[in-house]
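Everything numeric here is computed off the predicted structure, so don't read it as measured data.
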Number of protein chains: 2
Amino acid sequence: MAVTIKDIARKAGVSRTTVSRVLNDSGYVKDETRQKVLKVIKELNYTPSAIARSLSTNKTNTIGVIVPEINNPFFGEIIKGVSQVADEHDLNIILCNTDDNREKELKALKLLKEQRIQGIIITPTYAEDQFNSEYLSTLENLGIPVILLDGHVKYTDFSGIFIDHVKGAYDATKALIEAGHKKIAIINGRKNYKITIDRLKGYKKALDEYNIAIKDKYISYGDFEYKSAYKATKQILKMDDRPTAVFVTSNMMILGSIRAFYEENINIPQDMAIIGFDKIDAINIIGMNISFVIGPSIEMGKAGMKMLIDNLDNKKSREEIKRITLFPELVLKGSEKFIGNKCE
Amino acid sequence: MAVTIKDIARKAGVSRTTVSRVLNDSGYVKDETRQKVLKVIKELNYTPSAIARSLSTNKTNTIGVIVPEINNPFFGEIIKGVSQVADEHDLNIILCNTDDNREKELKALKLLKEQRIQGIIITPTYAEDQFNSEYLSTLENLGIPVILLDGHVKYTDFSGIFIDHVKGAYDATKALIEAGHKKIAIINGRKNYKITIDRLKGYKKALDEYNIAIKDKYISYGDFEYKSAYKATKQILKMDDRPTAVFVTSNMMILGSIRAFYEENINIPQDMAIIGFDKIDAINIIGMNISFVIGPSIEMGKAGMKMLIDNLDNKKSREEIKRITLFPELVLKGSEKFIGNKCE
DNA sequence: TTGAAAGCGCTAACAT
DNA sequence: ATGTTAGCGCTTTCAA
């Protein structure tokens, strides 16, 4: 392949500098010359090399995006948001999927650094509840802006977009209470994760506000996968003092709960009310009308990319750490309702 | 930032060539020297510039991936497959999401070309049923291997991984017939798309084989979105000679059908059997037990990436067009069953 | 308004 | 086993 700026220059009878000028609309160049050059560019089907340009300008216009699970629509939507904003600014995205694996995350970081990306957006893996030190130092040594998306990282100081999980859980629990429930169970995520802790906090806060006693037996934990919630739900259904409502804190887990209900012929909300955290479109499309607290995934992607671009522009203020908190949206479809008089 | 090979060379008291040699494990270098160099690299936290290397070697080790809808898990899984194989070969992925928009696709192609990617994997947009000429020529002029994934492109000659939609539809229809159905409706995709035509072909083939008359009124079309299937399903339910089974040809559309059933209190499979094309995990997780013909998305991604790597390696045979056809898998869960004696 | 020349960070003959 | 040199394709002073 390889038609270069040199070929254009020769054929147009000008210098490489001039060609570069018309390419970048910089400096003066007679209109006549410009036309001549443009014509040759067309003829030779020339596309400038971003590689050479990057080397020369020390700018790649490329950012790295690291996600743990590209096939989960939640991350798909984050990327969608990121790429929308990136598009508007002609930024390239190098994507790394880590399968929730710390090794791969480290490797991705190394690859991205070699590529001299200008910034990085990362949704930290759920595999551990806090960054380990190697990972942390790698991230810091990158020497470029890092934006965390929904990172449950409390010990570090990166900029990022965060979701208020306390508020989300509070809203959900409150909705249940206001629908008339007093016996409300929560099926939460992995025990020592920040999001898990936050959500429990929100749950408790709502109960407290309404002077409803918090019962430990109504609090259970899963691992974000549907099977764990399935089991937890089965347990809940066996309880003597059975709850009338369940708050399930992840999109995969709510599927497990619904399955358990299904198997036990429990109707929603006639026999049991439910609210989930992070939606699953499919189940509402088929008409199940499940209520959700929805983490704003596309918005988070957009906001993250915008923040990164800001950081890129004002290099001086790079030390300054910015954090934006987004609030989940409560979407009530009816599954939260209290029908009353259930089980004893 | 910017610690370069020069800095390493100076500090280690060797030439840049030597540093380059230890970096790439090429040529001879005394172990003692190697250690010295490696030590300095560590000390200075040096990461080589892929940009400079690319310019020098004329190889970027980067490929482009273009998808129409990153937030659809089907494409998410394709990317997952692609990136697994890419990882193994230390290839970077520049991702472009086009929102099913031809303009964006063209722009993405331009950006990728500037980045001097070495190959491209593309799942052509569904927005039109065939490539337009500008797009086609852009693709051909890229001068690099292009791999089509599930492209319903009949007029062109790119390599690619294809799914046998005829076979998939045939299998689904046959399963319905063998379960005992004779009145089988199909809710198909957009009318003049290749996948739509292929799937209709498979549907008819199965009916023919079992000497079941093909009724036009049992054949309807949608637009791949759930609403269109919802409407089509409602129509079907109103028919005098109502079918006992429906084959719905896209993952979004089957959700619309299920909703329609739900609203009309139609139970699956007691009142109506159903098989879908391309799965939706969620609805089976909750326990609905819907049967699907599943397009192998992750596999397709892997196969596509492997094919691309092959093309990259044997440049000579680049003209040679390779096509691999993958077969959808029929997964029967019970929704295809014939319960008999339904409606008149 | 244009061009010459140096340089971005690396690799790859070719010498030694 | 190591170093010298040129060059990859572009931008960017500086001069003309």
Would you say the side chain of [Y] lies within less than 4.5 Å of the side chain of [X], judging by non-hydrogen atoms?
X      : Y      : result
B:T98  : B:P68  : yes
B:P296 : B:I163 : yes
B:N45  : A:K113 : yes
B:L148 : B:V146 : yes

Worked verdict on B:K104 versus B:N97 for side chain to side chain contact (heavy atoms under 4.5 Å, CB included): CA-CA 8 Å; B:K104 285 201 179 183; B:N97 182 45; over 6 Å; no
Between [N] ([atom2]) and [X] ([atom1]): distance, integer Å:
X      : N      : atom1 : atom2 : answer
A:D7   : D:dC10 : CG    : P     : 9 Å
A:K59  : D:dC10 : NZ    : C1'   : 15 Å
B:Q115 : D:dC10 : CD    : P     : 13 Å
A:N61  : D:dC10 : CG    : C1'   : 14 Å

Which residue, B:R21 or A:P48, contacts DNA chain D at a nucleotide closer to its 5' end, judged by nearest heavy atom? B:R21
Under 3.5 Å, is there an N or O donor on one side and an acceptor on the other linking the side chain of B:R116 and the base of D:dG9?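 Answer no: no donor N or O sits under 3.5 Å from an acceptor.
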May I ask you to say what B:S26 touches in the nucleic acid, namely base, sugar-phosphate or nothing, with a heavy-atom cut-off under 4.0 Å? nothing
Output all residues satisfying salt bridge (charged side-chain N to carboxylate O under 4.0 Å, His left out) with A:K306, sequence neighbours left out; order by chain, then residue number. none
May I ask you to list the residues of residues 9-20 of chain A, by number, that have any heavy atom positioned under 4.0 Å from an atom of DNA chain D? A:R16, A:T17, A:S20
What's the angle between the local helix axes at either end of the helix from C:dT1-D:dA16 to C:dT16-D:dA1, using five pairs per end and rounding to 10 degrees?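 Computed from the C1' atoms at both ends, the axes differ by 40°.
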Outermost DNA chain C nucleotides near chain A [under 4.0 Å, heavy atoms]: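 That gives a stretch of C:dT1 to C:dG9.
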Carefully, step by step, assess B:E43 and B:K11 under the rule side chain to side chain contact (heavy atoms under 4.5 Å, CB included). CA-CA 10 Å; B:E43 279 174 24; B:K11 184 145 186 198; 3.3 Å; yes
Do the side chains of B:K194 and B:D150 get close enough for a salt bridge, i.e. N-O under 4.0 angstrom?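 No, no charged N to carboxylate O under 4.0 Å.
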Thinking salt bridges, do B:E77 and B:K80 make one under a 4.0 Å N-O criterion? no
Who pairs with A:S20 by side chain to side chain contact (heavy atoms under 4.5 Å, CB included), at least two apart in sequence or on another chain? A:I5, A:N24
Under a 3.5 Å distance rule, please check whether B:Q118 uses its side chain to pair with a backbone N or O of B:T60 as donor and acceptor.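 Yes: the side chain of B:Q118 pairs with the backbone of B:T60.
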Go through it in stages, so that I can follow the logic: the residues are B:I93 and B:I63, the test is side chain to side chain contact (heavy atoms under 4.5 Å, CB included), and I'd like the CA-CA distance, side-chain angles, deciding distance and then a yes or no. CA-CA 5 Å; B:I93 293 174; B:I63 61 138; 4.2 Å; yes
For the residue pair B:I161 and B:M300, what are the closest heavy atoms and their distance? CG2-CG, 3.7 Å
Contact check, residues 50-57 of chain A vs DNA chain C, heavy-atom distance under 4.0 Å, returns A:L55, A:S56
